[in-house]
Amino acid sequence: METNPYQPPSTGVDDALGGDQADEVTPPRYRGTITTIVGSIDQNEAIEVSRKCRPATAPGQDAAPPNSKFNGWGVGISSIVAALLFFMMDMPSSLLSSLAFFSPSMIVSVVVITTIFVLLLFTLTSLHSRRFSLADPPLGGLTTIHLNRLGYSVEKKTFDGRLVEVFCSWRQTQVFVSEKAWLLNMNYSSPILILRDWIDDANERTVFDALINEVARWQAAQPIAHDIEVVTPEASESFPDYANGAVTLVVSTQAEQKTRRKLRRKLQARLPEFRVRPVNSPLMGFAIGLWRLFLVALAVSTVWTVADHWWIHFGQGYRRLVTFLAPQVMLLAISLWLTMKVARPVEVAGAISSKDLWFDHRSLLIRIPLATLKHRWKIDKALVLATENGATTLVLPRESFASGADFDRAAEWIESDERQGTDAGEKD
């Protein structure tokens with residue numbers, strides 16, 4: 001689960017514009033002369049301003065119509081409901097009346113599952129309502145935006161003090177506006193607030209408004225470019241060649257989690273806030289725990305339903321079993337599928353140099369200066385980079401590197417960099 005502050009648009013290319021008109025839309029381009037925007041705002045004020053921003057629309061562009069595409073999930077669920085109604089209508093009246101009598105075990109099962117489900121929905125709803133306060137990097141604080149023709153990057157500090165720079169193209173940006181600010185959402189994941197007062201020149205503000213209109217028109221006419229590979233013509237300008245002079249790596253989330261578990265005791269002794277499975281917030285951790293409990297309760301309820309029918313209501317026929325069991329099996333199958341989809345291993349490319357760590361998340365390119373990660377160690381067959389208390393801990397297993405020589409070279413960089421930082425601190 002992610003604390004993503006926005007939802008994908010409800011329309012695609014065909015819904016917004018006709019094919020001929022969509023082909024005429026060109027990628028948005030920034031035509032101003034300002035290359036850097038710098039500003040700072042209090043976090044609470046930033047949240048208040050962001051909540052007043054609304055989706056931008058290009059001049060002459062109507063609001064997006066509701067999505068009318070074929071909904072496979074709706075049809076599937078409706079089919080299950082219709083099948084259950086068919087079974088119940090075909091039952092003898094004497095058997096149908098018996099459905100009202102649940103065994104105590106089934107009552108407990110239904111109550112437990114319903115309670116967990118309601119708590120889960122409440123938690124996720126609370127996360128959604130707090131989406132701006134949960135954004136990390138936060139909306140407030142010092143913000144530095146570097147502009148170029150086809151893309152931009154944003155430098156901000158996270159809640160735990162790390163400096164990060166995120167690169168994105170205008171094609172991958174959703175735009176929101178108000179009288180006081182522009183809100184840029186970088187590929188549905190990183191909201192960036194820019195106050196109009198941060199641009200002193202009124203003409204430049206007009207140029208930026210024109211860019212926002214171009215981005216809005218592009219988003220209405222084209223599907224979002226989730227992957228950097230889709231924006232190849234822009235890559236040379238919007239995304240730097242981070243691999244130049246650096247050691248490339250590919251981090252598997254599965255291998256990274258395995259290494260974190262192996263190093264758990266060593267890292268917890270050095271980093272008090274180190275977690276094997278870090279989450280974005282305590283509330284998100286609570287939601288994940290509820291989801292696991294929900295899956296367990298649903299599985300137990302399914303088995304309980306079969307056992308209850310077999311031992312107590314077997315003489316009432318298979319229709320009663322199907323009526324009670326089918327919804328639970330369907331819900332359990334969907335829940336397991338969603339869990340496997342979210343938890344599947346992911347490989348993230350990147351590189352490490354003597355100064356920076358890069359992660360290429362396919363949709364966003366992220367740069368983390370090594371200087372913002374106070375602890376940099378080589379432990380066993382892994383490189384560990386962490387903030388002072390370990391709230392953020394990055395683990396790069398040996399398998400992430402193409403060769404042992406690359407791993408040793410990267411280890412020499414981070415250990416040398418940490419020694420230099422320590423020596424400088426002692427001199428001060």
Side-chain angles (χ1 to χ4, degrees), residues 4-18 21-37 39 49-50 52-65 135 139 143-154 156 166-196 198-199 201-239 362-365:
N4 182 5
Y6 306 110
Q7 296 297 324
S10 60
T11 60
V13 180
D14 298 333
D15 292 328
L17 292 174
Q21 188 178 355
D23 292 339
E24 297 175 358
V25 179
T26 58
R29 288 173 170 79
Y30 172 62
R31 297 176 174 84
T33 58
I34 295 177
T35 57
T36 303
I37 300 174
V49 171
S50 298
K52 295 179 180 179
C53 292
R54 296 294 178 263
T57 55
Q61 177 185 319
D62 296 329
L139 286 172
T143 304
T144 303
I145 302 101
H146 302 288
L147 306 172
N148 61 47
R149 192 170 65 98
L150 296 172
Y152 62 108
S153 71
V154 177
K156 285 189 72 71
V166 183
F167 296 80
C168 190
S169 74
W170 297 118
R171 283 181 56 179
Q172 296 172 277
T173 303
Q174 295 76 52
V175 287
F176 303 79
V177 296
S178 70
E179 294 182 357
K180 293 184 177 181
W182 301 283
L183 186 65
L184 309 181
N185 193 24
M186 307 172 79
N187 206 4
Y188 301 123
S189 62
S190 301
I192 304 299
L193 183 67
I194 304 176
L195 295 186
R196 293 178 181 269
W198 293 353
I199 301 179
D201 192 318
N203 292 330
E204 289 294 335
R205 288 198 293 268
T206 302
V207 171
F208 204 83
D209 272 324
L211 169 67
I212 295 300
N213 290 336
E214 285 190 27
V215 174
R217 185 165 181 256
W218 175 265
Q219 290 296 319
Q222 301 287 345
I224 183 173
H226 285 289
D227 295 345
I228 291 178
E229 289 84 352
V230 179
V231 291
T232 303
E234 303 175 33
S236 60
E237 184 173 340
S238 300
F239 306 100
R362 299 187 65 194
S363 60
L364 295 174
L365 183 62

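- Partners of T33 under the side chain to side chain contact (heavy atoms under 4.5 Å, CB included) rule, at least two apart in sequence or in another chain, are E204.
- Taking D209 as the reference, R196 meet the salt bridge (charged side-chain N to carboxylate O under 4.0 Å, His left out) condition, with sequence neighbours excluded.
- Ring planes of F208 and W170: perpendicular class, angle over 60° (limits at 30 and 60°).
- In this structure, the separation between OG1 on T57 and CZ on R217 is 13.0 Å, given to the nearest 0.5 Å.
- Annotation for P28 and R171: closest pair CD-CG, 4.1 Å, computed over non-hydrogen atoms.
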Derivation of the side-chain contact (heavy atoms from CB on, under 4.5 Å) call for L184 and I212: CA-CA 9 Å; L184 309 181; I212 295 300; 3.9 Å; yes
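- Smallest separation of non-hydrogen atoms from A216 and A56: CB-O, 3.4 Å.
- The two residues L183 and S50 make their nearest non-hydrogen contact at CD1-OG, 3.9 Å.
- Q172 contributes no side-chain N or O that, together with a main-chain N or O of N185, makes up a donor-acceptor pair within less than 3.5 Å.
- Heavy-atom minimum distance, K156 versus L139: NZ-O, 3.6 Å.
- The minimum heavy-atom distance between T173 and V215, with the atom names listed, is O-CG1, 3.3 Å.
- Interatomic distance, L211 CG to T206 OG1, rounded to the nearest 0.5 Å: 12.5 Å.
- Residues T143 and I194 form no side-chain contact, since every pair of their non-hydrogen atoms from C-beta on lies 4.5 Å or further apart.
- Atom CZ of R54 sits about 10.0 Å away from atom CZ of F176, to the nearest 0.5 Å.
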